[in-house]
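Remarks on the structure that follows.
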Amino acid sequence: MELLISSAITEAWFHKLHKHLDSDVIIVGAGPSGLLCAAELAARNVSTTLFESKLAPGGGMWGGAMLFNSIVIQAETIHLLDKYGIRYQSQGNDLFTADATEATSALIYHAAHNGAAIFTGICMEDVLVRNDSVCGVVANWNPVKRLDMHVDPLSFSSRIVLDATGHPSEVVKVLTLKNDVRLRLPDGVMKSERSMNAEAGEKACVEYTGEVFPGLYVSGMAACGVSGSNRMGPIFGGMLLSGYKAAGLIARALGKDYA
Ligand code: 48H
């Protein structure tokens, strides 16, 4: 019995890995913006691979604010909560709250159920660049990185890569550190995130969601960070709208229908 269990797990996992060595889209980071984008793309039959360095997907949404695990969403995002079956309560002033656990687990479930391949414990450490375009990522086990083991990574190719790594903007950072590139951002360079301003940050994170280099898109806090915009604190509407916008832009770039 034990060997049958081992065989079933390795068979299923390596089948998933092999199928996703090449995808339409690689999303790095399974926070709210990456998960929502994955759920939307996978629902449109876009082959989508999601790499998350931690054991559990969900990023910064589990913890709400200061571990008070409720999240705040504004009125214009309610249609996405309805779409993904997340319940909410009005708190007045066009603000709503949702249970962080329900919201995060719903996004994870829909991304996986719609067909995105989610790989956890795997960390993007470099990008593939050909003909002045990002065309994949280089990844390794997070524990291997953390223990500083000298183990070479594997490469994964895609038409498009999305940096959804949140505050550190890891994909854009590695692209600009290792290559002499100009980004499609004001001044052509990556900026640093600014101090808290909820209104400005929420607006900027959606506005700057898009392609920053051929083949490389940004969403969520990464879009805020690279554009030098403000952080917004524990309000998550902008993250969801950013993931939704990224999915629309990416689907269109791939020539897929997007209603
Ligand atoms: C694989 C990686 C790597 C890597 C990081 O931070 P996130 O939740 O991302 P967003 O942008 O969808 O949401 C941001 C939100 O959670 C937040 O922090 C807000 C609203 N802050 C406001 C404020 O003022 O502080 O998730 C990013 C995910 C995480 O799960 C990381 O573990 C993962 O990306 N990640 N995965 N390879 N190199 N780097």
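Both counts, for ligands and for their atoms, begin at 1 and track the order of listing. The chain is numbered in sequence order, starting from 1.
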Carboxylate-amine/guanidinium proximity below 4.0 Å for [X] and [Y]:
X      : Y      : value
Lys178 : Asp126 : yes
Arg159 : Asp22  : yes
Glu40  : Lys245 : no

- Query: Below 4.5 Å, heavy atoms only, C-beta onward: do Glu76 and Leu241 meet side chain to side chain?
  - Reply: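 The answer is yes; the side chains approach within 4.5 Å.
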- How many angstroms lie between CG in Leu80 and CE in Met239, if you round to the nearest 0.5 Å?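 The distance works out to 13.5 Å.
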- Message: Which protein residues come within less than 4.0 angstrom of ligand 1, counting heavy atoms only?
- Response: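 Residues near ligand 1: Val28, Gly29, Ala30, Gly31, Pro32, Ser33, Phe51, Glu52, Ser53, Lys54, Gly59, Gly60, Ile122, Cys123, Met124, Ala164, Thr165, Gly166, His167, Glu170, Gly220, Met221, Arg231, Met232, Gly233, Phe236, Met239.
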- Task: Would you sort out whether Tyr84 and Tyr109 count as a ring-ring contact (aromatic ring centres under 6.0 Å, His included), showing the intermediate values?
- Result: CA-CA 9 Å; Tyr84 287 101; Tyr109 170 75; over 10 Å; no
